[in-house]
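I have placed the structure first, in the form of structure tokens, so that the comments after it can refer back to it.
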2 protein chains.
Amino acid sequence: MTTSNKSERVPSDKVNSRVERSRHTVLTTAFELLSEGGVASFTVDEVARRSGVAKTTIYRHWPTREALVMDACSRMIAEQETPDTGSLEGDVTAILVEIAHLLPTANWSFVLPSIVDTAERNPEFAEIHSRIQRGHAAPLREVLQRAVGRGELSVDADVSTIVAALLGPLFYRRWFSREPIDDQFVKAIIKRVLASL
Amino acid sequence: MTTSNKSERVPSDKVNSRVERSRHTVLTTAFELLSEGGVASFTVDEVARRSGVAKTTIYRHWPTREALVMDACSRMIAEQETPDTGSLEGDVTAILVEIAHLLPTANWSFVLPSIVDTAERNPEFAEIHSRIQRGHAAPLREVLQRAVGRGELSVDADVSTIVAALLGPLFYRRWFSREPIDDQFVKAIIKRVLASL
DNA sequence: ATTAAACGCTACGATACCGTATCGTATCAT
DNA sequence: ATGATACGATACGGTATCGTAGCGTTTAAT
């Protein structure tokens, strides 16, 4: 044994892999279930049924239903990669077109309203939601900051406002007006917002 | 009796008033409960407890829990009044400032995410949500149409896109980024959108 | 082979909720 | 006064869910 003495208390990889296999299976199933029915209809029993992992085992890893739900929600915190086309308009277009494509299809777009709703009354979910949101806005904030650095954007520019002006209309169409989001719409929004800088 | 003969089958006002009193009490309580916990945690038992109306009576008026929830949700379908300041910018400003004031306080702003979430998987709620949404957008659409009539706005202008560009950022701040919505923000959005027409 | 950790299975207790049944009471028009 | 209609109170049956207990079985390290 090269990395541990005989009083090793940290589990070796092999031992861990069994635990991790369970954890991973459960989390994957949990997220899948979340995508389908949202936070409200999420049940531990159903996760157990689908995943094949015994309910007792699930409760050995997560102390409560809430903990599992939050863990599954955290899977949505995935920062996108930031493009670098050289121009602000190019970057913004790349980002928004990507999001516009994800909005009608990606799993997280079905779960998000549920998280927003839960976050409205639950501080812990509000924190998770906040992290997800920052993940969505991060690439946009970055390309805007870069534009400021290049002098393409005024130093006084209110980045938060611009982000809201760009993302807001897309989100609005996805969850509120429920209209389709085609490239023409995306470009119209970008044109309007960037023209006024 | 002036308005009915002796074979009157439509209940008189007095008879109705008893029924209507129950209906109204229940609906008010139901809406209040909705505001607090959303659709998910809404229970008929709790409505009965709070309103003082017996659960049996509730089920005499609504066949199922769903029906009561939807009826309570329909209370949110209230079209705002449309301002008429003479100029497009004046009208739009009046509308958005009003909404910006309502967003952090009005009851419906706490329920809406719940409805959006439910609508994601339930066609009946999607219909209710659609009506609520049209109610929110209606004044905006009207003042934009009027501006077209005055020649203040091009006939080619895509009203739906402009509505999304105006309402989207406000909604985004209320439910997604959870940032405050001050008048400065509202005016910045209006300026950006209207400047590009 | 032995042993400890992790897992599966079944069965619970507890609670909450839906929707109904039953029966007695209050209201109100006539 | 009488009868019809609506209401209240209580008690259910049925189901779903959370979280736990008990106990045997598998896995994998030594």
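Protein chains get the first letters and strands the later ones, always in sequence-line order, with residue 1 at the start of each.
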Please output the side-chain donor-acceptor pairs of residues 71-84 of chain A that fall under 3.5 Å, not counting sequence neighbours, one pair per line with the distance.
{"residue": "A/D71", "atom": "OD2", "partner": "A/W62", "partner atom": "NE1", "Å": "2.8"}
{"residue": "A/S74", "atom": "OG", "partner": "A/M70", "partner atom": "O", "Å": "2.9"}
{"residue": "A/T82", "atom": "OG1", "partner": "A/E142", "partner atom": "OE1", "Å": "3.4"}

How many Å lie between [atom1] on [X] and [atom2] on [N], as a whole number?
| X | N | atom1 | atom2 | result |
| --- | --- | --- | --- | --- |
| B/W62 | D/dA6 | CH2 | P | 14 Å |
| A/R23 | C/dC7 | CZ | P | 10 Å |
| B/R65 | D/dA16 | CZ | C1' | 13 Å |
| B/E66 | C/dC18 | CD | C1' | 12 Å |
| A/Y59 | C/dC7 | OH | P | 16 Å |
| B/E20 | D/dT5 | CD | P | 17 Å |
| A/I58 | C/dA6 | CD1 | P | 17 Å |

Open item on the list: Using 30° and 60° as the class boundaries, would you call the ring planes of B/F176 and A/F176 parallel, tilted or perpendicular?
Closed with: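 Perpendicular: the ring planes of B/F176 and A/F176 meet at over 60°.
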TODO: Would you please classify the geometry between the A/F171 ring and the A/H136 ring as parallel, tilted or perpendicular, with 30° and 60° separating the classes?
DONE: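 A/H136 and A/F171: perpendicular rings.
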Task: Within residues 42-57 of chain A, residues whose heavy atoms come under 4.0 Å of DNA chain C - done: A/G52, A/V53, A/A54, A/T56, A/T57
Task: Short side-chain N/O contact from B/S22 to OP1 or OP2 of D/dA6, under 4.0 Å - done: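 No.
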Open item on the list: Under 4.0 Å from OP1 or OP2 of C/dC7: is there any side-chain N or O of A/H61 that close?
Closed with: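 Yes, within the criterion.
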Open item on the list: One thing to verify: whether A/R50 and A/E32 come together as a salt bridge, which I'm taking to mean a side-chain N less than 4.0 angstrom from a carboxylate O.
Closed with: yes
Open item on the list: Less than 4.0 angstrom from a charged side-chain N to a carboxylate O is my criterion; do A/E120 and B/R174 meet it?
Closed with: yes
Open item on the list: Quick check: any donor-acceptor pair below 3.5 Å linking the side-chain of B/R60 to the base of D/dG8?
Closed with: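 Present.
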Task: A/F42 side chain near A/E66 side chain, heavy-atom distance below 4.5 Å - done: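 No, every pair of side-chain atoms sits at 4.5 Å or beyond.
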